[in-house]
Undergrad: 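The structure follows.
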There are 2 protein chains.
Amino acid sequence: MAKITLKEIAERLNLSPSTISKALNDSYEISEKTKKKVKEFAQEHNYQPNPLAKYLKLGKTNNIGVLLPSIRTPFAAQLLQYLHQSAIYNSYNIILMQSIDNEKDEERALITLTNQGVDGILIAPVSETSNLQLLSSIHANHCPVVVFDRIHYNLDTHKIGIDNMKSTYMAAEELIKINRKNIMVLCGKNLGVTQYRLEGYQKALKDYSIPIKEENIIHIDYSKSLTTIDESLKEIITGRMCSDDAPNAILGTTETLTTRVLGVLADLKIQVPKEIAVIGFSNIEFANSLNPALSTVHQPTEEMASTALQLLLDLINSKKERSQIDFQTILLETSIQLRKSTALT
Amino acid sequence: MAKITLKEIAERLNLSPSTISKALNDSYEISEKTKKKVKEFAQEHNYQPNPLAKYLKLGKTNNIGVLLPSIRTPFAAQLLQYLHQSAIYNSYNIILMQSIDNEKDEERALITLTNQGVDGILIAPVSETSNLQLLSSIHANHCPVVVFDRIHYNLDTHKIGIDNMKSTYMAAEELIKINRKNIMVLCGKNLGVTQYRLEGYQKALKDYSIPIKEENIIHIDYSKSLTTIDESLKEIITGRMCSDDAPNAILGTTETLTTRVLGVLADLKIQVPKEIAVIGFSNIEFANSLNPALSTVHQPTEEMASTALQLLLDLINSKKERSQIDFQTILLETSIQLRKSTALT
DNA sequence: TTGTAAGCGTTATCAG
DNA sequence: CTGATAACGCTTACAA
C-alpha cells in the first residue's frame, strides 16, 4: 500500500530504523538536526507509516465499532453523524455495522467487529436479551462495550439513553391536556424499549384516571418492509376509526411508526389534528415539512453520541480491571416539540 | 485484545505455529486428524486470530473507506445502508467518513483513511475540483478510488452516478405537462452536480420555447445550518411570490432543498400544488407523509451502491497496472414518482 | 505430514 | 545522541 518504508528511509539516509522511528515520533533522544533531515526526507518521499505494523506493535487499532439496528432512520443518521464527529475529534475511526433489528445479523456483526479488531464497541442491541452471552464475553475478554439508546439490556457496563417511560408519559400528557383522551399507542414488536415506553403511556392514563383499552395498544411487526408496515397501519386504523369508540389521538413510540402514520392518515383522508391528533418519537429534521407539521418527542442525539463515545474511550483508556469499575447508566432528558399535529384551534 | 494466540495453541498442543496456522486455514498439507484436534482446541479456547498480524502479513486490511458529503440526508443513509450490505456480503468492512461538503474536512478524511489503511476508497467529492491532486496521488500510489454520486470530477477512474441533466430535464417536463411553466429552480451553491442539473432545466425550457428568467434560478448556500437554509428560502420565496410574475412551480435539485421548501411553503401558507407545484430530487422514504405527498426524482440507491462497490472490488483485485485499465462511467436511470405535489385536478 | 525460519513494518529496550 | 536487537502474531517457502 504505502510506497516507502521506514527501513528504506534508514538505508537511504545511512541511519538505523530505530533512529528514523524516533525522529519521526519527535523523541527527545534525537538531535534537532537529524530530526529535520529525516522529516524532510520523509515528506519528500511521501512516507506513510504502515498503520497495521504500528497497531500490531502497539496492540490497538484506533477503530471503534458502532452497531446500530438500522442506519436508515433520521434518528440513526443523526446519531451516527455526531458519533463520527466525536470519534474523529478523538482520533478514532468508526467501523459501521447494522443489525437490521435481527439477532442473527447482530451476532454476525459482532463477530466481524472482533475479528476485524476494534478497540471498543458501541451498541444499540436488538432486544433485551439478544446475544447477551456473546457480548458479555467480548466485554470481558476482548474490548470494552458501551450500550446506548436501547439501554434495557442486562450487560454490566456503561449505558446511555433516555428515560423512556418519562418521555412517553410526557407525550401522553400533552394529548390529555388538549382533551384527547382516547389515545391509540403504536409500538414496535419485540423492541427492547417498547415495554418501557408503553408503561409511560399506561401510567399517564392511570394518573389521569383514563381507562386503558387493550384495543388501543397496537403492536406492529418491525422486521417487515416499510410497505408492510404501512399496510398494517392502514388496516388497523381503518378498523379502529370505524368502531364505536374511535380514538382521537395517536402516540407513536418509534420514529418510523410516528412518521409513517401521517402518510397513512393522509391516504385515508383522516384529518390531523382535527379528527385525530398525533405526537410521537422522532428526530426527523423535516418535521415542518410533514403533513401536518409533527409534534415530536425529541432525543438529544448530539449529547447522547458524544457522551457514549466518551464513556467508551474512558473504558478503553482505563487501567483498571473491568470488575473494579462501577458502571453508570445515564439518562438524558428528552424534549417535547409541539407543532401543528397536536394544535387544536 | 484477543486472548490466546496461535503460538500458545502450538505450545499447548506440542505442534509448531505453522502447523496450527495451516490447520486453521484448512490447508491440504495437514491431516484431517490434526486439523480436527487443532480446530476443536481453538474453538474451546475461543481463539480469535489477530487481524492486524494477519493483514500486516497479507498486505491488506479488508476495510474500504467511504467518504460522503454528509450522512444525514435520507439519500445518503440509504446509500450507506446498501453499501454496507454489499461490503459485508463481500467480507469487507466500511470505515465511514464525511466531508460536510467542505474541502478541508474532505482532505482530512482522506488522509485519515490512508493513514488508517484501507484497501480502497469510495468517494462522493465535495466539488468538481476538490482535493484532486491528493486523490490522484492516492489512486496512483496507495489504493484504488471509485467516484460515485458526484461524478463530475476529473479523476481517471470508474465513476457511477446518474444522468443529472436528463433527470432534471424530465422533472421540468412533468411541470410543463401540467402547464406550470413559470418554474423556480432551487440549486445548491458550489455543488459539483448543480451545473448539470441546472442545464437540464434550461434545456427543457428551451425545448418547450419557454423563456428562461434569471430570477427563477436560485442558489442557496449549503454549508450553512438548516435554519439558515429555511430562512433563505423563506425570504426568496416571499419575494418572488409578491412579484409580478410569481412562479407557479418549484423544481428542487437537491434532496434537502426539495424537502425543506415544503415546510417553508406551509409556513407561508402557500398552497401546494394549487398555488405552486413542487417536484425535485429526493429519496425520502416518508414522501407520503409530507405536506403534501411529494413528487420526486428518485435515484436507484441500491444499484448505485452495489455497483460502486463492485467496481471498487474489481480494482482492488485487479492484477493489471492502473494505467492498463479502461475506466468507465456508468449512468443509472432515475425515475419520476408523481404524487400530490404536482397533481392538479 | 509436520517443522524451521524468515519476514511483514513498526516500536521499545537497552547498550554503546 | 544513535544503533542493535527483539518483539508484536501471523503466513509461507522450504526443509525434514
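Side chains are part of it too, since the values below use all heavy atoms of this structure and drop only hydrogens, waters and symmetry mates. From a predicted model like this one, the values you see are computed outputs, not experimental measurements. In the text below, chain A, chain B and the rest are named by the order of the sequence lines, each starting its count at 1.
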Undergrad: Any side-chain heavy atom of B:Asn93 within less than 4.5 Å of one from A:Met97?
TA: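 Yes. Closest side-chain heavy atoms under 4.5 Å.
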Undergrad: Which angle, to the nearest 10 degrees, lies between the helix axes at the two ends of the helix from C:dT1-D:dA16 to C:dG16-D:dC1, each defined by five pairs?
TA: 50°
Undergrad: Answer yes if the side chains of B:Ser31 and B:Thr34 hold a donor-acceptor pair under 3.5 Å, and no otherwise.
TA: yes
Undergrad: Mind calculating the distance between CG (B:Leu52) and P (D:dT11) to the nearest angstrom?
TA: 13 Å
Undergrad: Can you spot which of A:Asn62, A:Asn63, A:Thr61 makes a side chain to side chain donor-acceptor pair (under 3.5 Å) with B:Gln116?
TA: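 Going through the options one by one, the only one that passes is A:Asn63.
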Undergrad: From OH of B:Tyr55 over to P of D:dT12, roughly how many Å is that when rounded to an integer?
TA: 13 Å
Undergrad: Contacts to DNA chain D from residues 10-22 of chain B, heavy-atom cutoff under 4.0 Å, which residues?
TA: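 Output list: B:Ser18, B:Ser21, B:Lys22.
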Undergrad: Measure from CG on A:Leu58 to P on C:dT10 and round the result to the nearest Å.
TA: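 That distance rounds to 13 Å.
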Undergrad: So, does the side chain of A:Lys57 form a donor-acceptor pair with the base of C:dA12 at under 3.5 Å?
TA: no
Undergrad: With a 4.5 Å cut-off on side-chain heavy atoms, are B:Phe75 and B:Asp149 touching?
TA: yes
Undergrad: I need the NZ-C1' distance between A:Lys60 and C:dT11, as an integer number of Å.
TA: 15 Å
Undergrad: Give a yes or no on whether A:Lys159 atom NZ has more than 12 heavy-atom contacts from other residues, nucleotides or ligands under 6.0 Å away.
TA: yes
Undergrad: D:dC8, OP1 or OP2 - any side-chain N/O from B:Asn50 closer than 4.0 Å?
TA: no
Undergrad: Under 4.0 Å, heavy atoms only, any strand: does A:Lys7 hit a base, just the sugar-phosphate, or nothing?
TA: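 Sugar-phosphate, backbone atoms only, no base.
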Undergrad: Find out whether B:Tyr92 and B:Leu83 are in side-chain contact, i.e. whether some heavy atom of one side chain is under 4.5 Å from a heavy atom of the other.
TA: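 No; the side chains remain at least 4.5 Å from each other.
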Undergrad: Would you call the rings of A:Phe327 and A:His158 parallel, tilted or perpendicular, taking 30° and 60° as the class edges?
TA: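 Judged by the thresholds at 30° and 60°, the geometry between A:Phe327 and A:His158 is perpendicular.
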Undergrad: Mind listing the residues from residues 29-41 of chain B sitting with a heavy atom below 4.0 Å of DNA chain D? Number order is fine.
TA: none
Undergrad: Taking the side chain as every heavy atom from C-beta outward, state whether B:Leu96 and A:Leu80 have any pair of such atoms under 4.5 Å apart.
TA: yes
Undergrad: Under 4.5 Å between any side-chain heavy atoms of B:Ser21 and B:Leu6, yes or no?
TA: yes
Undergrad: Could you check whether any side-chain heavy atom of A:Phe41 comes within less than 4.5 Å of a side-chain heavy atom of A:Ile4, counting everything from C-beta outward?
TA: yes
Undergrad: Within the structure, does a side-chain N or O atom of B:Tyr47 lie under 4.0 Å from either OP1 or OP2 of D:dC10?
TA: yes
Undergrad: I want to confirm an ordering. Mapping B:Tyr28 and B:Leu56 to their closest nucleotides on DNA chain C, which one lands closer to the 5' end?
TA: B:Tyr28
Undergrad: Take the protein atom NZ of A:Lys54 and the nucleotide atom C1' of C:dA12, then report the distance between them rounded to whole Å.
TA: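 It works out to 14 Å between those atoms.
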Undergrad: Quick one: A:Asn115 CG to D:dC10 C1', roughly how many Å, whole number?
TA: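 One finds 14 Å between C1' of D:dC10 and CG of A:Asn115, rounded.
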Undergrad: Yes or no on side-chain contact (heavy atoms from CB on, under 4.5 Å) for A:Asn154 and A:Thr129, after CA distance, side-chain angles and deciding distance?
TA: CA-CA 7 Å; A:Asn154 192 23; A:Thr129 52; over 6 Å; no
